[in-house]
Amino acid sequence: MSIEVKHIHKQFGSFVALDDVSLAFPQGELTALLGPSGCGKTTLLRIIAGLEQPDSGQVFLDGEDASGHHVRERQVGFVFQHYALFKHMTVFENIAFGLRVKPRKQRPSESEIRKKVMSLLELVQLDWLADRYPPQLSGGQRQRIALARALAVEPRVLLLDEPFGALDAKVRKELRRWLRRLHDELHVTSIFVTHDQEEALEVADQVVLMNKGRVEQIGAPDDVYNHPATPFVYGFLGNVNLFHGRVHEGVLEDGGLSLQAPDHAGARNARGTGYVRPHELEIDRYRADAEGIVARLRRAHALGPLAQLELERADNAQLIEAVISTERYAELALQEGETLLVRPRRLRVFVDAAEGGRA
């Protein structure tokens, strides 16, 4: 089922949670709502579910305006961060709950409920825990049971609010891969909220970046990461080095440093910032006749396939983070305290909008 929201506005007192948000969620795809705390992503999810009412705007499910529909009429499955399982019920009864409370005419028979619940337990690979109680399960197991319970009522839409937020890093990684495989089997239109960039980029078909109640960018994971539309997106999706200065006729001047910015050939002495990710920097030994940023290696940490370098610019003491392969690190035989040359392989410049600039 397709989902669309149009011109959603929601305010809590003087705080604007959602500011004229319009989005389309493609049928059968898994979409991540990604952004910092307070950006409006959970509020939007709750409005789609019918758990919250917008001040203005509409929610369309399969092209039908569902704005006035009760949560029960929307056929939405909702998975909360903290599971919300009934502690006094067995795993089996937790999953069966949604089926048992259906109106009599829609309620399946006991044999049908048993068959459905056991089928879902097999789907989430926990059929051997049917008689256990939630406190007897691990966090990862409880979250899978919560997902099975949401799927029991055969929702047209599956909504997940920080589904792995309460779990440790190792379990989170395992469960998000499992969720991706499960989605590929079921193809239920799904939206999940997260503030974890890696989680969104690894699991989702589409990522919606939100900030201060507005949508900053929408696109496939590789698109939003490799082609950030705004400074916020660039900074939010991973570490980044910033070079502040003036942009004039395609060149960013930062102190004594000149960096090429060909997309801004028409700029005239405008304030701008260059963005470079740590892995987009080349590191070489210092040579007086070579071009580059002169920096001192303050600290190096090599672990696995990558080496992380912390450098300090010679001209203004600005810290620079760089990531190179351990092979390159070994080849250079770098020593802390030595002077190096740093060159950006790729630079994205954003000119201050107040000066009429564009990215």
Side-chain angles (χ1 to χ4, degrees), residues 197-198 201 222 224-359:
Q197 303 93 320
E198 185 180 339
L201 296 174
D222 61 338
V224 297
Y225 183 81
N226 292 315
H227 306 285
T230 67
F232 168 80
V233 176
Y234 222 123
F236 192 77
L237 294 179
N239 294 335
V240 65
N241 296 292
L242 305 181
F243 299 95
H244 302 283
R246 310 295 298 190
V247 182
H248 185 73
E249 296 182 346
V251 177
L252 171 66
E253 297 284 350
D254 174 8
L257 177 65
S258 296
L259 298 170
Q260 296 302 309
D263 292 342
H264 300 284
R268 298 290 184 273
N269 197 33
R271 283 182 299 177
T273 304
Y275 289 71
V276 185
R277 297 201 186 280
H279 67 273
E280 296 171 337
L281 292 170
E282 288 182 356
I283 305 296
D284 274 312
R285 294 198 175 283
Y286 173 75
R287 298 196 318 275
D289 60 340
E291 292 186 359
I293 304 165
V294 180
R296 180 177 66 88
L297 179 61
R298 287 182 43 166
R299 187 171 181 272
H301 178 64
L303 184 65
L306 300 173
Q308 298 180 354
L309 312 181
E310 184 182 290
L311 305 121
E312 183 181 277
R313 276 180 62 171
D315 58 347
N316 63 8
Q318 176 189 345
L319 291 182
I320 299 174
E321 292 182 25
V323 174
I324 61 176
S325 69
T326 49
E327 289 84 358
R328 177 63 174 160
Y329 177 70
E331 176 188 331
L332 290 169
L334 298 178
Q335 300 294 320
E336 293 182 7
E338 70 177 300
T339 302
L340 303 170
L341 278 178
V342 181
R343 286 187 294 270
R345 281 195 301 270
R346 182 184 179 207
L347 176 75
R348 178 73 182 277
V349 174
F350 290 91
V351 171
D352 192 332
E355 301 195 13
R358 295 172 58 192

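Reckoned from all heavy atoms, side chains included, excluding hydrogens, waters and symmetry mates.
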Carboxylate-amine/guanidinium contact Glu310 Arg298, below 4.0 Å: yes

Lys/Arg-Asp/Glu bridge criterion (N-O < 4.0 Å) met for Asp352, Arg246: no

Full working for side chain to side chain contact (heavy atoms under 4.5 Å, CB included) between Leu340 and Glu338: CA-CA 7 Å; Leu340 303 170; Glu338 70 177 300; 4.0 Å; yes

Shortest non-hydrogen contact from [X] to [Y]?
| X | Y | value |
| --- | --- | --- |
| Gly274 | Leu347 | CA-CD1, 3.8 Å |
| Ala295 | Val342 | CB-CG2, 4.2 Å |
| Ala300 | Glu336 | N-OE2, 3.4 Å |
| Glu321 | Asn239 | OE1-ND2, 3.5 Å |

Selection residues 276-307 - residue pairs positive for ring-ring contact (aromatic ring centres under 6.0 Å, His included), sequence neighbours left out: none

Sole residue of Phe232, Tyr275, Phe243 in ring pair (Phe, Tyr, Trp, His ring centres under 6.0 Å) with Phe350: Tyr275

Close side-chain approach of [X] to [Y], heavy-atom, < 4.5 Å:
| X | Y | value |
| --- | --- | --- |
| Arg313 | Asp254 | yes |
| Arg268 | His248 | yes |
| Arg299 | Leu309 | no |
| Asp263 | Val349 | no |
| Pro344 | Leu259 | yes |
| Leu341 | Val294 | yes |

side-chain contact (heavy atoms from CB on, under 4.5 Å), paired with Arg343, selected from Asp284, Leu281, Val276: Asp284

Candidates Ile320, Leu306, Asn241 - the one meeting side-chain contact (heavy atoms from CB on, under 4.5 Å) with Pro278: Asn241

[atom1]-[atom2] distance between [X] and [Y], expressed to the nearest 0.5 angstrom:
| X | Y | atom1 | atom2 | result |
| --- | --- | --- | --- | --- |
| Thr339 | Leu311 | OG1 | CG | 10.5 Å |
| Glu282 | Ile293 | CD | CD1 | 11.5 Å |
| Arg328 | Thr326 | CZ | OG1 | 12.5 Å |
| Tyr225 | Phe236 | OH | CZ | 13.5 Å |
| Arg277 | Asn226 | CZ | CG | 8.0 Å |
| His244 | Thr273 | NE2 | OG1 | 5.0 Å |

Whether over 12 other heavy atoms sit under 6.0 Å from Arg345 CZ: yes

Enclosure of Glu331 CD (heavy-atom neighbours >12, cutoff 6.0 Å): yes

Pro228 backbone acceptor or donor facing Arg348 side chain under 3.5 Å: yes

